[in-house]
Amino acid sequence: MIAEATDLRSKGVFEVVAKREPIARVVEIPTEPTVGMESMLDEVWRDLGDENVRIMGLYGMGGVGKTTLFKNINNNFLNSPDSYFVIWVVVSKYRTLDKIQNDIGEKIGYSDKTWKNRNCQQKVADIFEVLSKKKFVLFLDDIWERIDLVRVGVPYPDKQNEPKLVFTTRSKDVCGRMSADKQVQVKCFSWEKSWKLFREKVGEEALSVHKDIPYLAELVAKECDGLPLALITIGRAMACKRSPQEWKYAIQLLKNSASDFSGMGDEVFPILKFSDDNLSNEKVRSCFFELCIVPR
Ligand SMILES: Nc1ncnc2c1ncn2[C@@H]1O[C@H](COP(=O)(O)OP(=O)(O)OP(=O)(O)O)[C@@H](O)[C@H]1O
Ligand SMILES: [Mg+2]
């Protein structure tokens with residue numbers, strides 16, 4: 001048997017035993033069901049199809065739904081007749097240029113460790129070589145400052161109807177600094193949308209336990225001021241409450257010491273505080289606090 005195996009081995013060609021799986025053109029990103037996103041999604045999708053829009057920025061406050069909208073745009077490319085190659089990178093505040101290059105590299109087929117250890121200039125050359133031959137859309141989620149595409153190796157999207165760059169940011173200024181052809185503001189929800197989302201999270205059963213609860217629930221939802229992140233967090237926390245007293249206590253807590261409310265301290269406030277920490281200096285910060293206490 002050994003002789004037979006040796007003979008077979010000598011006749012075989014084993015340089016490539018398995019081929020790499022082809023890289024998917026678009027990777028679907030899981031999303032939660034959304035409320036009232038269709039019109040915004042349609043608008044952004046239409047703008048993205050415009051050949052004069054090569055760089056698009058979505059801006060808006062923390063927790064307003066930029067990433068959620070972004071994921072839905074990404075998934076729209078799955079059914080799009082345009083054969084765009086879609087690259088998705090989460091940037092966030094502390095992501096280095098090297099990490100961004102690694103994420104892009106992975107998407108275009110440079111996933112091995114040796115490539116990740118190459119120096120920045122070599123990575124620039126590799127990324128540029130691949131992307132300049134592709135019709136691609138680059139999604140950069142959550143950028144906090146201008147990203148110099150040339151330093152990453154991404155060909156500048158300046159040819160009509162070819163590469164596109166779409167990004168999200170909390171800052172309108174960043175949209176300007178990225179020279180966005182189109183800036184779209186993602187706004188807080190209208191009251192109708194807020195109430196719909198809040199009802200969904202609390203659940204119809206919890207709302208119908210007592211005749212006073214729907215009215216008290218409206219007061220709680222109004223405290224969220226149309227911010228989806230707050231509506232979801234508070235709605236989920238209230239889903240198990242069954243008495244009007246618990247709802248009244250929630251209103252009191254939200255008005256007087258919202259950070260003690262379940263989920264607010266760890267899921268909502270850190271996100272909002274991140275924006276406050278990013279204000280340029282103490283003077284701006286104190287102006288912001290002064291304005292916060294002025295009743296609207
Ligand atoms: N239209 C919507 N319908 C239902 N839920 C939504 C909607 N928009 C946002 N959400 C929910 O609100 C929360 C915050 O949304 P998201 O993470 O997209 O905000 P963001 O603007 O990207 O915030 P950040 O600036 O912190 O990145 C998520 O839990 C998301 O599922
Ligand atoms: Mg986000």
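Counting convention: from 1, in listed order, for ligands and their atoms alike.
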Using a strict cut-off of 4.0 Å, indicate which atoms of ligand 1 neighbour a heavy atom of [X].
| X | value |
| --- | --- |
| Ile271 | 26 (O) |
| Met61 | 21 (O) |
| Met37 | 1 (N) |

#### Entry: Trace of the side chain to side chain contact (heavy atoms under 4.5 Å, CB included) decision for Leu41 with Ile73
CA-CA 7 Å; Leu41 185 59; Ile73 306 170; 3.7 Å; yes
What protein heavy atom lies closest to [atom]? Include the residue and the distance to one decimal.
| atom | value |
| --- | --- |
| atom 26 (O) of ligand 1 | Arg170 NH2, 2.8 Å |
| atom 8 (N) of ligand 1 | Gly65 CA, 3.8 Å |
| atom 10 (N) of ligand 1 | Pro228 CB, 3.8 Å |

### Message
Heavy-atom pairs closer than 4.0 Å: do any link ligand 1 to the side chain of Leu197, the backbone, both, or neither?
### Response
side chain
### Query
Which is it for Thr67 and ligand 1 at heavy atoms under 4.0 Å: side chain, backbone, both or neither?
both
### Message
Tell me which pairs pass ring-ring contact (aromatic ring centres under 6.0 Å, His included) where either residue lies in residues 225-267, with sequence neighbours left out.
### Response
none
### Query
If you leave out waters, which protein N, O or S atoms are less than 2.8 Å from the Mg ion (ligand 2)?
Thr67 OG1
Is the closest N or O pair between [X] and ligand 1 shorter than 3.5 Å?
| X | result |
| --- | --- |
| Lys66 | yes |
| Glu32 | no |
| Gly63 | yes |

### Query
Would one find more than 12 heavy atoms of other residues, nucleotides or ligands at under 6.0 Å from atom CZ of Arg285?
yes
### Message
Quick check on Glu4: does its CD atom have over 12 non-hydrogen neighbours (other residues, nucleotides or ligands) under 6.0 Å away?
### Response
no
#### Entry: Leu165 and Met178: CA distance, side-chain angles, deciding distance, side chain to side chain contact (heavy atoms under 4.5 Å, CB included) verdict
CA-CA 10 Å; Leu165 166 69; Met178 290 294 288; 3.8 Å; yes
### Lys/Arg cation over aromatic Phe85: Lys107, 6.0 Å, 45° cone
yes
### Message
Test side chain to side chain donor-acceptor pair (under 3.5 Å) on Thr168 and Asp141; report intermediate values, then the result.
### Response
CA-CA 5 Å; Thr168 73; Asp141 188 26; 2.6 Å; yes
### Query
Of the options Phe167, Phe77, Trp88, which is the one that meets Phe70 in a ring-ring contact (aromatic ring centres under 6.0 Å, His included)?
Trp88
### Query
Is there a heavy atom of Lys193 sitting under 4.0 angstrom from any atom of ligand 1?
no
### Query
Can Phe189 be said to touch ligand 1, with heavy atoms closer than 4.0 Å?
yes
### Message
Under the criterion side chain to side chain donor-acceptor pair (under 3.5 Å), I'd like the reasoning laid out for Ser171 against Asp173: C-alpha separation, chi angles, the key distance, then a yes or no.
### Response
CA-CA 5 Å; Ser171 153; Asp173 281 357; 4.8 Å; no
### Test salt bridge (Lys or Arg N to Asp or Glu O under 4.0 Å) applied to Asp50 and Lys182, step by step
CA-CA 10 Å; Asp50 180 344; Lys182 179 88 193 171; over 6 Å; no
### Message
Is a donor from one side chain sitting under 3.5 angstrom from an acceptor on the other, for Asp112 and Thr114?
### Response
yes
### Stepwise salt bridge (Lys or Arg N to Asp or Glu O under 4.0 Å) check, Lys196 with Glu192
CA-CA 6 Å; Lys196 189 164 186 261; Glu192 287 70 30; over 6 Å; no
#### Entry: Polar side-chain atom of Lys187 near backbone of Gly60 as donor-acceptor pair, under 3.5 Å
no
### Task
Ignoring hydrogens, just give me the one of Thr68, Ile232, Val64, Val35 whose non-hydrogen atom is nearest atom 5 (N) of ligand 1.
Ile232
